[in-house]
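Here the structure is laid out as structure tokens; the discussion comes afterwards.
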Amino acid sequence: MRPQISAAVEGSTDEAVVRNLIHHVGAVPGKVYIQRGKGNLRQRINGFSHAARTSPWLILVDLDQDAPCAPPLCRDWVPHPAPHLCFRVAVRALEAWLMADTDALASYLSVAKTRVPADPEAEADPKRSMVNLARRSRRRALVQDMVPREGSGRSEGPAYASRIVEFAGHHWRPDVAAERSDSLRRAIACLRRLAGAR
């Protein structure tokens, strides 16, 4: 019987990624708690950590610009991790993990592979980098979905999240992406331990 891993994340795009990752390590996704923002997730961190005393949990947050690297943020949020908790930080945002699967993303966005950042974790704003990649897409519908309209004041297009969910859930390959993303590689290793995989 495969172990079940529950999760807590910032938003809907994160849910697609964690479900893919949990399946990837041979476990079954349990309930995924979408917190609608990092602030809300931070407020409930103690409750999720408490639940991880008795059952497997994955908590995923973006590093953004909150710290120079992941370890200080981990110590700040979870100074005493529960035995069944996998608290992971995407450097600097989840989009970097997705961009790390260069071939799949270039194919999905219909852009040249050379346009995809070679070192996605070095991107200051991976979400903006993803939007700028989509801006170069040869697929008009994708551009309309992912790129904000002129003068809208938004950072992404109206269906950006649904496009990211589609890519993360159906095209993204965690094992391939982990070769270009150290924080993703560490997250997969943590999840494998949680799932009891060898």
Side-chain angles (χ1 to χ4, degrees), residues 2-38 41 48 56-63 86-111 113 115-117 120-121 123 126-135 137-139 141-147 155-181 183-192 194-195 197:
R2 296 194 298 165
Q4 180 174 289
I5 301 176
S6 301
V9 297
E10 295 181 44
S12 59
T13 54
D14 309 283
E15 179 183 14
V17 168
V18 300
R19 286 188 179 278
N20 189 329
L21 287 176
I22 291 169
H23 281 299
H24 179 67
V25 300
V28 176
K31 173 79 173 170
V32 179
Y33 295 84
I34 301 172
Q35 296 304 293
R36 305 190 186 284
K38 184 181 283 185
L41 181 55
F48 296 132
W57 273 80
L58 167 63
I59 299 175
L60 176 63
V61 299
D62 286 346
L63 178 62
C86 185
F87 179 81
R88 304 316 304 172
V89 179
V91 178
R92 289 199 170 260
L94 190 78
E95 282 84 353
W97 287 7
L98 302 179
M99 285 189 287
D101 187 353
T102 305
D103 289 351
L105 183 65
S107 175
Y108 179 76
L109 294 180
S110 289
V111 299
K113 287 193 294 185
R115 297 283 187 190
V116 182
E121 291 194 342
E123 296 293 299
K127 184 174 186 176
R128 181 187 300 163
S129 299
M130 182 71 80
V131 169
N132 286 337
L133 275 174
R135 202 183 302 274
S137 175
R138 294 184 290 273
R139 295 167 55 196
L142 191 142
V143 175
Q144 290 175 337
D145 284 349
M146 296 185 69
V147 179
S155 60
E156 75 274 343
Y160 176 85
S162 62
R163 287 288 191 173
I164 292 295
V165 166
E166 179 183 46
F167 175 72
H170 302 288
H171 305 277
W172 182 61
R173 301 166 297 172
D175 53 338
V176 174
E179 296 176 10
R180 286 176 175 259
S181 170
S183 63
L184 173 59
R185 181 181 58 79
R186 291 170 183 270
I188 292 172
C190 184
L191 277 173
R192 284 203 170 111
L194 210 59

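Below, each value reflects all heavy atoms present in this structure, side chains not excepted, and no hydrogens, waters or symmetry copies.
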Between [Y] and [X], is there a side-chain heavy-atom distance shorter than 4.5 Å?
X: V32; Y: S6; value: no
X: L109; Y: R138; value: no
X: V147; Y: Y160; value: no
X: Q35; Y: E10; value: no
X: L94; Y: T13; value: yes
X: M146; Y: E156; value: no
X: M99; Y: S129; value: yes
X: S155; Y: R128; value: no

* Would you call R92-D62 a salt bridge at under 4.0 Å N-O? ->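 Looking at D62 together with R92, the answer is no, because their closest N to O distance does not fall below 4.0 Å.
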* Considering residues at least two apart in sequence or located in another chain, which fulfil the salt bridge (Lys or Arg N to Asp or Glu O under 4.0 Å) criterion with K38? ->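 K38 satisfies salt bridge (Lys or Arg N to Asp or Glu O under 4.0 Å) with D64, D66 only.
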What's the separation between atom [atom1] in [X] and atom [atom2] in [Y], rounded to the nearest 0.5 Å?
X: L184; Y: L21; atom1: CG; atom2: CG; answer: 6.0 Å
X: L60; Y: W97; atom1: CG; atom2: CH2; answer: 4.5 Å
X: R135; Y: L142; atom1: CZ; atom2: CG; answer: 12.5 Å
X: D145; Y: S137; atom1: CG; atom2: OG; answer: 10.0 Å
X: W172; Y: E166; atom1: CH2; atom2: CD; answer: 15.5 Å
X: R36; Y: S12; atom1: CZ; atom2: OG; answer: 8.0 Å

Looking only at non-hydrogen atoms, find the nearest pair between [X] and [Y] and report the distance.
X: V143; Y: A134; answer: CG2-O, 3.4 Å
X: P120; Y: P126; answer: O-CG, 4.4 Å
X: A178; Y: I188; answer: CB-CD1, 3.9 Å
X: L58; Y: I5; answer: N-CG2, 3.9 Å
X: P29; Y: Q4; answer: C-CG, 4.2 Å
X: A27; Y: R2; answer: O-NH1, 3.6 Å

* Asked: So with a 6.0 Å cut-off around CZ of R173, is the heavy-atom count from everything else above 12?
  ->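 Above 12, so yes.
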* Please check if atom CZ in R139 has more than 12 non-hydrogen atoms from other residues, nucleotides or ligands closer than 6.0 Å. =>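 More than 12 within 6.0 Å, yes.
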* **Distance-only side-chain donor-acceptor flag, E121 / S183, under 3.5 Å** =>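 Side-chain D/A pair, E121 to S183: present.
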* **S107 (side chain) donor-acceptor with A104 (main chain) under 3.5 angstrom** =>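 Checked: no pair found.
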* Asked: Hey, is the main chain of V17 close enough, under 3.5 Å, to the side chain of N20 for a donor-acceptor pair?
  ->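 A pair under 3.5 Å: no.
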* To do: Take L41 and V61, measure what side chain to side chain contact (heavy atoms under 4.5 Å, CB included) needs, and give me the verdict at the end.
  => CA-CA 8 Å; L41 181 55; V61 299; 3.2 Å; yes
* Relative to each other, are the rings of Y33 and W57 parallel, tilted or perpendicular (30° and 60° limits)? ->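 It falls in the parallel class, under 30°.
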* To do: Go through R88 and I59 one step at a time and tell me if the side chain to side chain contact (heavy atoms under 4.5 Å, CB included) criterion holds.
  => CA-CA 6 Å; R88 304 316 304 172; I59 299 175; over 6 Å; no
